[in-house]
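This report concerns only the one structure given below.
Proteins get letters first, then strands, A, B, ... in listed order; numbering begins at 1 in each. This one's a predicted model, so the numbers in the text were calculated from it and none came from an experiment.
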Amino acid sequence: MKQNYLDQLRDLLTTIHEEDEDQLSEEKLESLMKDYQQLYDEGLADGKSEEEIEDKLGNPEKVIAALGLHQPEKKRWQNKIVALSPFVSVVIFLAIGLIYGVWHPTWLVFLLIPVTAIILDYKENGHILTPLSPFVAVTAFILLGTYYDLWHPAWLVFLIIPILGILEGKEGTTFYQKVLALSPFVITTFVFLVYFDNWLIGWLYFLIIPFLALFGEKNLTKRFLFQGALLVSVAGYLYLGLEMHRWDLSYYPFLLVVILWLGQKEVLSSILKKITQYEGIVILVSLIVFILIGWLNPTGWGYAPSGWSYSWLVFLLVPLFIVSKQTKGHARIIAATPFLSTIAYFLIGFSTNQWGLGTLVFLTIPVTAIILEA
Amino acid sequence: MDSQFKRGIVEMCVIKIISEKDMYGFEVIEQLSSMLEVTDNTVYPILRRLTEQGVFSTYVVPQGIAPPRKYYQITDSGKVKLTQMVHDWKKFLTNVVTIIGG
């Protein structure tokens, strides 16, 4: 994708500039970036796809070589340590395995290979925790699961990856934007730790996310209306459920929010427009399938869970369809993997009850991106 | 074909096509790659180097709501260089044909 390409090129040029200003001054760097941005835009204006343009311009490494610039070699001792790390890992793995008979989770020592490279590549103005977080998360998850059988809630440790990414944030991100971006992960952690056995109450905390998002609404009347409607709906839900013990009716107060939302002119007209477009058809079909599966199997039979617990997965076809329409080539595959992984995770979990092992499918997300983009 | 030799030929072709009409960067890459077997990522660096040497000048043309285009135009010194290069190339070709016969 364009920004990805330009970012990679800028990273390479910046590395050369920082190591050898004589070879590449800041002025020349900015001039090169401006020219490549220009070329990319010209290609787009000519109707070329991003893949075609990047084929024409060449990948950033080839661009550097074609410009006659030389990437600096890392200091020799750093290279040696990184090169040695696989052998050190093998020695440690074999030593612990042979002496103590502990092969799992000793295999985690192989994570020293990427971790060593990341630590030695660390630049003083960089954020070292963010790139290390996936490895810290995998290690913590495997150790907690293996020795304490805490696969749940240990999986929550993977949320440190997006949390650290958000905290590092792009320049210019406001405090409010960071809080909003963090809220789904913080709330997920809280709900799964405190309310895992009480979903009737626990799911309500997720409504904090739209409530917070509404603070970004500039129209004050609209903001207070929707926030008020959310609070009234929650109150109605709790009253019907806890006081009247009518959990079957408790979702009806939320119709207030739905009606308010549909009542907005721009929402209704965009929905009516989409009904005739493919996205609308996919949404409708997903809704019908969701209701059918849940209705046909509302309480589950034998060991099979209730249909409602997995029928919602059909809604993931909507973002998959949108991704397939709006992206091409590698970008399409990378964008689709989170949704495909989620579907695979729940299907593995429900069919084999291997929820712990099933989490490994989420590793396809970064692995796919690395294979296709790195 | 030796890369240094090929680079010289590609340079001459870049100057030639721009001498016929002003072109924007992506247009040069597209046209050249459709006519010659050339590694696409080498065209822009050649264009940039020739601009720095004064063979081309550049100007920007707004494109309405689309991003503006940067056009390359041959300079007087560029025309002189092109004439010399074409002369050298034709002489070289004639000599090669003489040596190999045909």
Exercise. If only atom types and distance count, is the side chain of A:Q38 paired as donor or acceptor with the main-chain N or O of B:Y24 below 3.5 Å?
Worked result: no
Exercise. Got a sec: does the CD of B:Q53 have more than 12 other heavy atoms crowding it under 6.0 Å?
Worked result: yes
For this session: For atom CD of B:E20, decide whether the heavy atoms of other residues, nucleotides or ligands shown that lie under 6.0 angstrom number more than 12.
Result: yes
For this session: Please examine the side chains of B:R69 and A:D46, heavy atoms only from C-beta on, and report whether any two atoms are closer than 4.5 Å.
Result: yes
Seminar exercise, completed: In terms of heavy-atom contacts, A:K48 and B:F26 come closest through CG-CE2, 3.8 Å
Exercise. Does A:K2 NZ have over 12 foreign heavy atoms under 6.0 Å away?
Worked result: yes
Problem set entry | Side-chain heavy-atom pair A:E52, B:E30 within 4.5 angstrom cut-off | no
For this session: Would you sort out whether A:K28 and B:R48 count as a side chain to side chain contact (heavy atoms under 4.5 Å, CB included), showing the intermediate values?
Result: CA-CA 11 Å; A:K28 190 171 174 185; B:R48 186 182 171 91; 3.7 Å; yes
Exercise. Which heavy atom in A:A66 sits nearest to a heavy atom in B:P45, and how many Å separate them?
Worked result: O-CB, 3.5 Å
Problem set entry | side chain to side chain contact (heavy atoms under 4.5 Å, CB included) partner of B:Y44, the single match among A:V63, A:L32, A:L57 | A:L32
Exercise. Which distance, rounded to the nearest 0.5 Å, do you find between the CG of B:L32 and the NZ of A:K56?
Worked result: 10.0 Å
For this session: With rounding to the nearest 0.5 Å, note down the distance linking CD1 in A:I53 to CD1 in B:I29.
Result: 10.0 Å
Problem set entry | chain B contact via A:Y36 - side chain, backbone, both or neither, heavy atoms under 4.5 Å | side chain
For this session: Hey, could you give me the OG1/CG distance between B:T58 and A:D35, rounded to the nearest 0.5 Å?
Result: 8.5 Å
